[in-house]
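Encoded as structure tokens, the structure appears first; notes follow it.
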Amino acid sequence: MKPGSDLFIPPTGSDKITFSFAIANPYEENGDKKGEPKFKAYARFTTDSSATTPSWKAGDLTQLSKNSETNPPDKASMSGSMSISSSDKPGDKWQLQVIQTAATATAPSVTDEAAWKDAAKAAFEVKAATRVNGASVSPNPITLKSGKEVDVFVAFELEKAGDEKVTDVRLESKSYDDYFSLGTGLETDGKSYHDSAAFDYSTSTGSWQLKITVTRGSKTYSFVKGFEVRKTGSSKATSKVKMTASPTKVKKGKTTKLSGKVYRGSAAWKKKIMKLYFKKKGSSKWSFVGYVGSNSSGKFSKTVKPKYTGYWRLAATGTSSTYGSYSNYKLVTVK
């Protein structure tokens with residue numbers, strides 16, 4: 001009986017630590033009760049077994065159900081979990097206790113020491129939570145000016161207590177499908193992070209957030225830091241094109257679909273005709289391919305048959321009342 005490996009405090013909220021164990025001769029073997037469980041099991045745990053009076057919490061267990069086999073097995077596995085929260089303290093004094101009672105017995109109180117005197121015990125360590133410290137976006141607020149780019153700098157430190165990895169860092173609008181992807185590599189000290197992005201006048205305004213995604217074992221956590229984007233200078237509406245490609249890897253002669261949505265300001269840009277461009281990987285030249293139009297919801301879709309590995313993008317040309325913009329690039333690999 002032992003909980004899983006790499007146990008740690010969740011950075012926020014709550015989580016579960018699972019465990020399992022086996023019971024010998026678990027089922028009635030004869031008569032009308034054949035196959036019915038002989039026993040129930042109960043679990044309790046504490047974060048500090050060295051305390052003079054440990055504080056115990058009840059664990060959750062899934063009890064055995066009736067076994068309908070002709071010859072019920074002489075051993076059965078049981079599983080359970082312990083609730084853990086961000087307010088719990090890490091340490092190596094955690095302890096799990098499990099007892100076995102008759103199937104008809106009343107569940108014991110976690111504070112009834114006499115009931116737990118013969119419990120099976122397992123000590124285990126729970127490590128500290130993953131933390132992101134000092135997350136910052138500068139400048140904040142970001143003020144966009146027509147015809148100029150604003151360099152936006154991002155910094156934070158990852159406080160490790162296990163095998164944490166930064167798997168995604170992005171600056172994203174809370175209201176629109178607008179974001180900037182940043183790198184995921186830490187500096188040589190293994191904890192510091194610095195990167196930047198260039199915001200231009202077509203960037204959506206309003207509430208944004210820095211979102212840092214970290215994985216640790218099989219668990220994934222996100223840490224966020226809010227900031228604001230504002231705009232000065234022009235009454236012209238901005239535009240934005242967001243595009244995806246699916247699939248991004250195709251065999252020669254097969255197709256991929258370019259789709260997404262075009263915006264004028266914060267609303268859909270209806271019936272907008274855009275220009276589609278392609279750039280072969282390794283080349284610096286964009287070639288005009290054709291036109292793509294949006295529907296009444298601003299959505300568009302175009303199926304293409306790439307001959308070469310390269311990048312695709314769309315251009316929404318400007319008007320007297322709206323600034324033009326390019327979509328994000330999408331790489332499609334031809335195998």
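Taking the six-membered ring for Trp and thresholds of 30 and 60 degrees, Phe21 and Phe19 have nearly parallel ring planes, at less than 30 degrees apart. The aromatic rings of Phe124 and Trp94 sit tilted, their planes meeting at an angle between 30° and 60°.
The side-chain contact (heavy atoms from CB on, under 4.5 Å) test with Phe300 singles out one residue from Val241, Leu276, Ile273, and that residue is Val241. Exactly one residue among Asp112, Thr111, Thr106 makes a side-chain hydrogen bond (donor to acceptor under 3.5 Å, both in side chains) with Ser109. That residue is Thr111.
Between the side chains of Ser138 and Ser136, no donor-acceptor pair of N or O atoms lies under 3.5 Å. Under 3.5 Å, the side chains of Thr248 and Lys330 contain no donor-acceptor pair of N or O atoms. For the residue pair Ser173/Asp178, the side-chain donor-acceptor check at 3.5 Å is not satisfied. One side chain, Thr130 or Glu164, offers a donor N or O that lies under 3.5 Å from an acceptor on the other. In this model, no donor atom of one side chain and acceptor atom of the other lie less than 3.5 Å apart for Glu157 and Asn133. With hydrogens and angles left out, the side-chain atoms of Tyr323 and Ser146 include a donor and acceptor closer than 3.5 Å. For the 3.5 Å distance criterion, the side chains of Ser239 and Ser325 qualify, holding a donor opposite an acceptor.
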Q.
Before you tell me yes or no, could you show the steps for Lys89 and Asp48 under salt bridge (Lys or Arg N to Asp or Glu O under 4.0 Å), namely the whole-Å CA-CA distance, both residues' side-chain angles and the distance that decides it to 0.1 Å?
A. CA-CA 9 Å; Lys89 293 183 178 180; Asp48 185 4; over 6 Å; no

Q: For side chain to side chain contact (heavy atoms under 4.5 Å, CB included), just list the numbers for Tyr42 and Val98, CA-CA rounded to whole Å, side-chain angles, deciding distance to a tenth of an Å, and then say yes or no.
A: CA-CA 6 Å; Tyr42 299 94; Val98 174; over 6 Å; no

Q.
Working note: Trp312 + Val332, criterion side chain to side chain contact (heavy atoms under 4.5 Å, CB included); need CA distance, chi angles, decisive distance, verdict.
A. CA-CA 8 Å; Trp312 297 83; Val332 177; 3.8 Å; yes

Q: Decide yes or no on ring pair (Phe, Tyr, Trp, His ring centres under 6.0 Å) for Tyr311 and Tyr277, but give the supporting numbers first.
A: CA-CA 8 Å; Tyr311 300 88; Tyr277 292 91; over 10 Å; no

Q: Starting from the C-alpha separation in whole Å, work towards a yes-or-no answer on side chain to side chain contact (heavy atoms under 4.5 Å, CB included) for Ile142 and Phe227.
A: CA-CA 8 Å; Ile142 298 165; Phe227 63 98; 3.6 Å; yes

Q: Would you check, one step at a time, whether the test side chain to side chain contact (heavy atoms under 4.5 Å, CB included) holds for Gln97 with Trp56?
A: CA-CA 10 Å; Gln97 295 188 357; Trp56 295 97; 3.2 Å; yes

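Residues Val137 and Val166 fall within the same hydrophobic cluster, defined by Ile, Leu, Val, Met, Phe, Trp and Tyr side chains chained together at heavy-atom separations under 4.5 Å. Grouping the Ile, Leu, Val, Met, Phe, Trp and Tyr side chains by contacts below 4.5 angstrom, directly or via other members, places Phe199 apart from Tyr179. Taking hydrophobic clusters as Ile, Leu, Val, Met, Phe, Trp and Tyr residues chained together by side-chain heavy-atom distances below 4.5 Å, Leu182 does not share a cluster with Tyr329. Both Trp208 and Phe156 are members of a single hydrophobic cluster when ILVMFWY side chains are connected at heavy-atom separations under 4.5 Å. Taking hydrophobic clusters as Ile, Leu, Val, Met, Phe, Trp and Tyr residues chained together by side-chain heavy-atom distances below 4.5 Å, Leu61 does not share a cluster with Trp116.
Distance alone, capped at 3.5 Å, is enough to place a donor-acceptor pair between the Ser49 side chain and the Lys93 backbone. Side chain of Thr256 to main chain of Ser246: a donor-acceptor pair is present (N/O by atom type, distance under 3.5 Å, no hydrogens or angles). A donor-acceptor distance shorter than 3.5 angstrom exists from the side chain of Ser294 to the backbone of Trp269, with no hydrogens or angles considered. In terms of modelled atom types and a separation under 3.5 Å, the side chain of Gln209 and the main chain of Lys174 share no donor-acceptor contact. Distance alone, capped at 3.5 Å, places no donor-acceptor pair between the Ser196 side chain and the Phe153 backbone. Checked by atom type and distance alone, the side chain of Arg131 pairs as donor or acceptor with a backbone atom of Pro11 at under 3.5 Å. Between the Thr46 side chain and the Ser55 main chain, a donor and an acceptor come within less than 3.5 Å of each other. Side-chain atoms of Asp195 come within 3.5 Å of backbone N or O of Gly183 as a donor-acceptor pair.
Between Tyr27 and Leu64, the shortest heavy-atom distance links the atoms OH-CD2, 4.0 Å. The two residues Ala103 and Lys40 make their nearest non-hydrogen contact at O-CE, 3.3 Å. Taking every heavy atom of both residues into account, Ala128 and Ala161 meet most closely at O-CB, 3.4 Å.
Taken to the nearest 0.5 Å, the CG atom of Asp151 stands 7.5 Å off from the CD atom of Glu149. Interatomic distance, Lys240 NZ to Arg264 CZ, rounded to the nearest 0.5 Å: 15.5 Å. Atom NZ in Lys121 sits 6.5 Å away from atom CD in Gln95 (nearest 0.5 Å). Rounding to the nearest 0.5 angstrom, the gap separating the OG atom in Ser192 from the CG atom in Leu186 is 8.0 Å. With rounding to the nearest 0.5 angstrom, the OG atom of Ser297 is 9.0 Å from the NZ atom of Lys271. Atom-to-atom distance recorded for Glu28:CD and Lys66:NZ is 10.5 Å, nearest 0.5 angstrom.
Among pairs with a residue in residues 272-290, none fulfils salt bridge (Lys or Arg N to Asp or Glu O under 4.0 Å), at least two apart in sequence or across chains.
By the neighbour-count criterion of 12 heavy atoms within 6.0 Å, atom NZ of Lys191 is sparsely surrounded, having that number or fewer from other residues, nucleotides or ligands.
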Under 3.5 Å, sequence neighbours excluded: what are the donor-acceptor pairs made by side chains of residues 69-79?
none

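A heavy-atom distance below 4.5 Å is not found between the side chains of Thr167 and Thr184. At least one side-chain heavy atom of Leu171 sits less than 4.5 Å from a side-chain heavy atom of Val152. Residues Leu210 and Ile212 have side chains in contact (heavy-atom distance under 4.5 Å, counting atoms from C-beta outward). Looking only at side-chain heavy atoms (C-beta outward), Ile99 and Asp118 stay at 4.5 Å or farther from each other.
Remark: Asp15 engages Lys219 in a salt bridge, criterion side-chain N to carboxylate O under 4.0 Å. The existence of a salt bridge linking Lys57 and Asp88 is confirmed by a sub-4.0 Å separation between a basic side-chain nitrogen and an acidic carboxylate oxygen. Checked for salt-bridge contact, Asp168 and Arg170 meet the test: a charged N lies under 4.0 Å from a carboxylate O. Ion pairing of Glu113 with Arg44 is present here, as a side-chain N (NZ or NE/NH1/NH2) and a carboxylate O approach within less than 4.0 Å. Ion pairing of Asp200 with Lys148 is absent here, as no side-chain N (NZ or NE/NH1/NH2) approaches a carboxylate O to less than 4.0 Å.
For Tyr291 and Phe288, the distance between ring centers is under 6.0 angstrom. In this structure, the ring of Phe278 has its center no less than 6.0 angstrom from the ring center of Tyr308.
A cation-pi contact links Lys231 to Tyr201, judged by a cut-off of 6.0 Å to the six-membered ring centre and 45° from its axis. Geometrically, Arg313 engages Tyr326 in a cation-pi contact, judged by NZ or CZ lying under 6.0 Å from the ring centre and within 45° of the ring axis.
Listed by chain and residue number, nothing satisfies the ring-ring contact (aromatic ring centres under 6.0 Å, His included) test with Tyr221 (two or more places apart in sequence, or in another chain).
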